[in-house]
A.B. asks: 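Dropping a structure here in structure tokens format, bear with me for questions.
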There are 2 protein chains.
Amino acid sequence: MSEGVEWAVHSCLNLAWAEPGEAVTATRLAAFYELPAAYLNRQLQALARAGIVSSTSGPRGGFRLARDPADISLLDIVTAIEGGQEAFRCQEIMRHGPGGRDNVDYRKHCLVSQAMRRADLAWRRELAAQTIADIKLAVEGTRPGTPKMVRNRLAKPVS
Amino acid sequence: MSEGVEWAVHSCLNLAWAEPGEAVTATRLAAFYELPAAYLNRQLQALARAGIVSSTSGPRGGFRLARDPADISLLDIVTAIEGGQEAFRCQEIMRHGPGGRDNVDYRKHCLVSQAMRRADLAWRRELAAQTIADIKLAVEGTRPGTPKMVRNRLAKPVS
DNA sequence: GGCACGTTACTCGGATAACAACTGTCCGAGTCAAACCGG
DNA sequence: CCGGTTTGACTCGGACAGTTGTTATCCGAGTAACGTGCC
């Protein structure tokens with residue numbers, strides 16, 4: 001899986017802790033974890049296309065969460081970055097085997113494909129059950145000082 | 001995920017249907033689905049290293065299942081081809097963030113990593129529950145002629 | 001006829017290129033804020 | 001002093017290279033069967 005997923009999730013978390021009315025630039029989000037700013041910007045664009053964050057240009061511009069953290073699941077973020085295709089993509093090799101028919105969709109009928117799809121669905125179900133709000137709450141329970149620290153760190157560039 | 005996984009699973013199935021005492025060459029297994037033989041051979045080598053199939057050189061050589069089909073899960077095959085690492089590999093970016101400690105293993109403590117690992121485990125659990133014997137039996141229930149057809153097709157090269 | 005040996009053809013196994021995807025970077029279009037000027 | 005306009009800098013957005021991993025291929029080491037010659 002792409003490394004950008006990790007960046008995107010942590011950035012969404014930080015955006016959830018940011019000042020509600022303010023937008024945060026990609027540069028500051030990148031400076032938080034010392035990431036390459038231009039590349040993180042690329043991932044944030046993907047999140048914007050998926051409707052997870054909204055972007056604003058110009059001075060005082062940047063990114064902010066487009067909807068409630070409780071409505072943003074890890075699956076949403078993974079799908080936005082990686083694309084919706086499943087890990088195992090059936091190439092329908094049975095079509096070239098003996099008895100292969102052209103009018104059969106082996107992605108549905110091949111038992112191997114079915115088993116793989118079942119595993120993929122289990123993975124997606126688990127990711128869909130975890131929202132940014134869940135993680136945010138759990139972190140605040142363990143480290144109560146996190147929200148203020150993040151807000152402070154995002155408010156001004158690295159000294 | 002690598003495309004070779006699909007080839008490996010189908011080849012294991014075909015090996016399960018093959019004549020018990022006989023070894024099947026990579027060339028014939030590849031001809032079954034019109035796959036590039038040399039590359040399929042590479043995947044079969046990975047299966048051999050993992051102890052899923054055993055290989056024999058020379059005339060009358062080839063591959064055969066090394067253990068009972070009921071002891072070969074889809075997870076075993078995926079692990080053999082792809083390697084055991086999970087899809088989401090935590091890069092521990094929190095280490096470079098504010099309050100990052102060098103002596104903390106963020107792969108265990110980061111909640112994002114934990115959630116991803118949980119999803120990965122659900123995926124693996126589902127794959128581990130499906131064995132080659134399961135799929136073999138299901139196919140035989142739907143297409144009773146499959147075993148004989150496969151055995152016949154594997155016995156001699158493509159005419 | 002049976003057995004040992006050399007030959008031969010066949011198979012896996014790893015080393016070697018071609019391709020694609022991910023990673024990283026750069027500069028331009030658009031935009032908002034602030035400064036400036038005139039009334 | 002206040003409003004409109006211009007300027008300017010700042011930000012996202014997409015287009016452009018570098019690097020790693022996957023896909024595909026080839027040839028050599030090893031081996032078992034076969035044919036041959038000998039006992």
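Numbers restart at 1 for each chain; the letters A, B, ... are given by sequence-line order, proteins then strands.
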A.B. asks: Given atom CD1 of A/Ile93 and atom P of D/dT23, what is their separation to the nearest angstrom?
C.D. replies: 13 Å
A.B. asks: Ignoring backbone atoms, establish whether A/Ser57 has a side-chain N or O less than 4.0 Å from OP1 or OP2 of C/dA29.
C.D. replies: no
A.B. asks: Please classify the nucleic acid contact of A/Ala26 as base, sugar-phosphate, or nothing, using heavy-atom distances under 4.0 Å.
C.D. replies: sugar-phosphate
A.B. asks: Closer than 4.0 Å, any side-chain N/O of A/Thr56 to the OP1 or OP2 of D/dT11?
C.D. replies: no
A.B. asks: Can you identify which nucleotide, out of C/dT23, C/dT11, D/dT23, has its nearest atom closest to the A/Arg42 side chain?
C.D. replies: C/dT23
A.B. asks: By nearest atom, which of the nucleotides D/dA33, C/dG14, C/dA33 is closest to the B/Arg60 side chain?
C.D. replies: D/dA33
A.B. asks: Whole angstrom is fine here: how far is it from CD in B/Gln43 over to C1' in D/dT22?
C.D. replies: 10 Å
A.B. asks: Can you measure from CD (B/Glu6) to SG (A/Cys110) and round to the nearest 0.5 angstrom?
C.D. replies: 6.5 Å
A.B. asks: Which of the following nucleotides, C/dG24, D/dC10, D/dT31, is nearest to the side chain of A/Pro59?
C.D. replies: D/dC10
A.B. asks: How many whole angstroms separate atom CD of B/Glu22 from atom C1' of D/dA32?
C.D. replies: 14 Å
A.B. asks: With DNA chain C as reference, determine whether A/Gly58 or A/Ala38 sits nearer its 5' end, using the nearest nucleotide of each.
C.D. replies: A/Ala38
A.B. asks: Would you mind reading off the distance between B/Leu47 atom CG and C/dC12 atom P, rounded to a whole angstrom?
C.D. replies: 13 Å
A.B. asks: To the nearest angstrom, how far is B/Ile81 atom CD1 from D/dT22 atom P?
C.D. replies: 12 Å
A.B. asks: Could you measure the distance from the CG atom of A/Leu44 to the CH2 atom of A/Trp7? Nearest 0.5 Å is fine.
C.D. replies: 10.5 Å
A.B. asks: Pairing donors with acceptors under 3.5 angstrom, does anything connect the side chains of A/Glu140 and A/Trp17?
C.D. replies: yes
A.B. asks: Round to the nearest Å and state the distance from B/Tyr39 atom OH to D/dC27 atom P.
C.D. replies: 20 Å
A.B. asks: Any sub-3.5 Å donor-acceptor pair from B/Arg42's side-chain atoms to B/Gly4's backbone N or O?
C.D. replies: no
A.B. asks: Work out which heavy atom in B/Ala18 is nearest to a heavy atom in B/Val24; give both atom names and the distance.
C.D. replies: CB-CG2, 3.9 Å
A.B. asks: In this structure, how many angstroms lie between the P atom of C/dT23 and the CD atom of A/Gln45, rounded?
C.D. replies: 16 Å
A.B. asks: For A/Gly61 and B/Glu3, take the nucleotide of DNA chain D holding the closest heavy atom to each; which residue's nucleotide lies nearer the 5' end?
C.D. replies: A/Gly61
A.B. asks: If you check every side-chain atom of A/Asn41, which of D/dT22, D/dG13, C/dC12 has the closest atom?
C.D. replies: D/dG13
A.B. asks: With heavy atoms under 4.0 Å as the rule, sort B/Pro36 into base, sugar-phosphate or nothing.
C.D. replies: sugar-phosphate
A.B. asks: To the nearest Å, give me how far apart CG (A/Leu40) and P (C/dC22) are.
C.D. replies: 17 Å
A.B. asks: So which one's nearest nucleotide on DNA chain C is more toward 5', B/Phe63 or A/Gln85?
C.D. replies: B/Phe63
A.B. asks: For D/dG14, does either OP1 or OP2 sit under 4.0 Å from a side-chain N or O belonging to A/Arg49?
C.D. replies: yes
A.B. asks: Across the strands shown, which category fits A/Thr27 at heavy-atom distances under 4.0 angstrom: base, sugar-phosphate, nothing?
C.D. replies: nothing
A.B. asks: What distance separates B/Leu111 CG from B/Met116 CE, expressed to the nearest 0.5 Å?
C.D. replies: 12.5 Å
